[in-house]
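Since the structure comes first, as structure tokens, the remarks are kept for the end.
Just so you know, ligand 1 is whichever comes first in the structure, and atom 1 is the first atom listed for that ligand.
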Amino acid sequence: MRELIVDLGDRSYPIYIGEGLLKGASSYLLKHGISKKSPLLIITDAQVASIHLQPFEAELQAAGFRTASAVVPNGESSKSLSMLESLVTKALEAGLDRKSAIVALGGGVVGDLAGFVAASYMRGIKFVQVPTTILAHDSSVGGKVAVNHPNAKNIIGAFHQPELVLYDLQTLQTLPPREVKAGLSEVVKHGLIWDERFVDWCEEHADKLLALDPDSLGYALFKGCSVKAEVVSRDERENGLRATLNLGHTIGHALEAVAGYNELLHGEAISIGMIGSAKLGLRYGASDEVYEVTKRVLAKCGLPVRLPEHFDTDVVMEAMMHDKKFMEGTMVFIVPTAIGKVEIKPDVPVQWVREIVDELKREGDQQ
Ligand SMILES: NC(=O)c1ccc[n+]([C@@H]2O[C@H](COP(=O)([O-])OP(=O)(O)OC[C@H]3O[C@@H](n4cnc5c(N)ncnc54)[C@H](O)[C@@H]3O)[C@@H](O)[C@H]2O)c1
Ligand SMILES: [Zn+2]
């Protein structure tokens with residue numbers, strides 16, 4: 001079992017990563033101040049519920065927790081204001097009070113949604129993250145919680161840190177292969193912004209990660225969470241450094257929006273976005289190697305590095321203009337300058353970005 005702390009003063013919390021942790025979930029919850037006296041609401045999605053909810057809830061109940069559960073449809077569309085309202089109804093029906101906690105059992109969708117319910121119910125109650133996807137190593141750490149507006153992703157949200165993150169590697173064994181790959185995208189991202197040696201490690205261990213080898217997975221998630229925790233503890237509210245975690249996300253979010261949140265998974269869109277950022281890096285003088293390594297490691301993880309032809313460049317650019325990272329009309333991009341190093345560029349010419357979106361559709365043609 002690995003443990004690390006997200007250092008945020010009196011709101012610091014631990015992340016536990018290991019095999020079979022859910023079998024002892026109640027002891028972790030009790031250790032971190034989750035009360036048995038008040039009811040607890042587990043929020044999960046239909047797919048996760050069908051595999052992991054029953055044993056998890058049974059363990060908590062056996063230890064004396066009073067639990068209720070709410071199952072939302074799987075998929076990004078559950079991150080909506082209407083779903084928030086129905087979950088608040090569920091919390092009221094279950095009698096949740098100020099000392100209650102909400103437990104997110106699932107991937108990033110459930111984590112973001114359940115976290116926002118916890119942040120808003122009675123102006124904020126306790127919250128526990130039980131991530132069940134690889135991608136959720138990113139979303140479960142750092143306290144950003146949100147739902148989507150039809151016109152913009154994650155635009156209605158809050159900062160609400162969990163009491164603890166309980167990451168049971170066994171739950172990952174049931175992840176569909178496409179979700180495994182998509183999750184590795186954010187793992188690689190954490191290497192690309194912070195740790196060159198970890199990028200090399202990811203390339204060397206890509207096959208093992210894709211095969212869900214527990215040792216490799218445990219290490220990768222520990223490293224990914226460590227980078228995220230380090231960045232968040234230095235800049236919780238995204239005044240500077242935290243923005244580097246958005247590597248690949250300006251283009252990536254636009255691609256997700258254009259595709260209607262169903263053609264590309266988040267991690268896949270971010271992979272293509274990170275190739276775009278690496279291409280921008282070349283224009284700012286980064287070496288070819290930075291771009292080559294980025295592309296190689298993402299491809300080894302089974303991720304797309306090319307934008308499907310049918311994406312219209314104008315439509316993608318239009319979607320980018322709605323992105324909340326456009327501050328005061330300037331285009332902000334996170335650009336790699338070396339492997340494991342990125343810089344925030346506040347004045348990227350729109351024309352460059354347009355050219356790069358076009359180039360992304362031809363990515364790989366030269367090989
Ligand atoms: N808050 C943040 O800082 C942050 C960071 C990154 C991403 N996100 C958000 O995370 C979301 C994406 O998260 P995600 O990729 O985990 O998607 P997800 O939660 O939709 O999970 C992906 C799919 O896998 C299924 N699934 C989950 N765990 C499973 C398991 N163990 N076995 C079998 N199936 C399982 C789910 O039912 C779902 O269909 C996006 O909404 C994104 O905006 C948030
Ligand atoms: Zn992301």
Side-chain angles (χ1 to χ4, degrees), residues 6 22 43-53 55-56 71-80 83 104-116 119 127 129-148 152-162 165 167-190 193 212 217 221 224-225 228-229 231-232 236 238 242-253 255-257 261-262 264-274 324-325 334:
V6 185
L22 290 193
I43 298 178
T44 186
D45 72 25
Q47 184 160 324
V48 177
S50 69
I51 316 170
H52 300 292
L53 178 60
F56 178 57
V71 180
V72 304
N74 33 297
E76 186 72 27
S77 57
S78 282
K79 273 174 63 175
S80 69
M83 193 59 78
L105 173 70
V109 163
V110 162
D112 281 11
L113 171 66
F116 192 51
F127 169 45
Q129 287 269 21
V130 182
T132 65
T133 65
I134 295 175
L135 189 132
H137 85 279
D138 183 357
S139 57
S140 64
V141 178
K144 276 192 182 178
V145 295
V147 295
N148 301 326
K153 198 173 142 76
N154 294 332
I155 208 79
I156 309 160
F159 285 95
H160 192 59
Q161 302 292 347
V165 180
Y167 219 141
D168 184 345
L169 298 172
Q170 264 170 21
T171 63
L172 302 174
Q173 293 298 326
T174 57
L175 260 186
R178 190 173 166 200
E179 298 291 346
V180 172
K181 294 174 195 164
L184 292 177
S185 185
E186 305 266 18
V187 172
V188 171
K189 178 194 81 179
H190 286 124
I193 65 170
L212 296 171
L217 213 48
L221 295 176
C225 287
K228 176 104 190 226
V231 171
V232 167
E236 184 184 5
E238 196 163 324
R242 187 168 180 164
T244 61
L245 296 170
N246 292 326
L247 176 69
H249 281 59
T250 303
I251 292 177
H253 278 164
L255 299 180
E256 281 182 278
Y261 299 117
N262 52 31
L264 288 173
L265 297 178
H266 180 70
E268 293 169 344
I270 297 324
S271 175
I272 299 168
M274 286 192 284
K324 61 186 181 297
K325 284 181 286 298
I334 314 303

Point to revise | Name of whichever N/O/S atom of H266 is nearest to the Zn ion (ligand 2) | key: NE2
Check your understanding: Going by atom types only, do E76 and H266 share a side-chain donor-acceptor pair under 3.5 Å?
Key -> no
Review point. Is it true that the side chains of T174 and H52 contain a donor and an acceptor less than 3.5 Å apart?
Key: yes
Review point. Under a 4.5 Å cut-off applied to non-hydrogen side-chain atoms, are N246 and E238 in contact?
Key: yes
Point to revise | Side-chain touch E268/S271, heavy atoms, less than 4.5 angstrom | key: no
Point to revise | E186 near the Zn ion (ligand 2): N/O/S under 2.8 Å | key: yes
Check your understanding: When you check the side-chain N and O atoms of K144 and N154, is any donor under 3.5 Å from an acceptor?
Key -> no
Point to revise | Residues L255, I272; criterion side chain to side chain contact (heavy atoms under 4.5 Å, CB included); working and verdict | key: CA-CA 9 Å; L255 299 180; I272 299 168; 3.8 Å; yes
Exercise for review: Could you name the protein residues that come within less than 4.0 Å of ligand 1, counting only heavy atoms, and order them by chain and residue number?
Suggested key: D45, Q47, V48, I51, H52, N74, E76, K79, G107, G108, V109, D112, T132, T133, L135, D138, S139, K144, K153, N154, T171, T174, L175, P176, E179, E186, K228, H266
**Study point:** V71 side chain reached by D45 side chain, heavy atoms, under 4.5 Å
**Key:** no
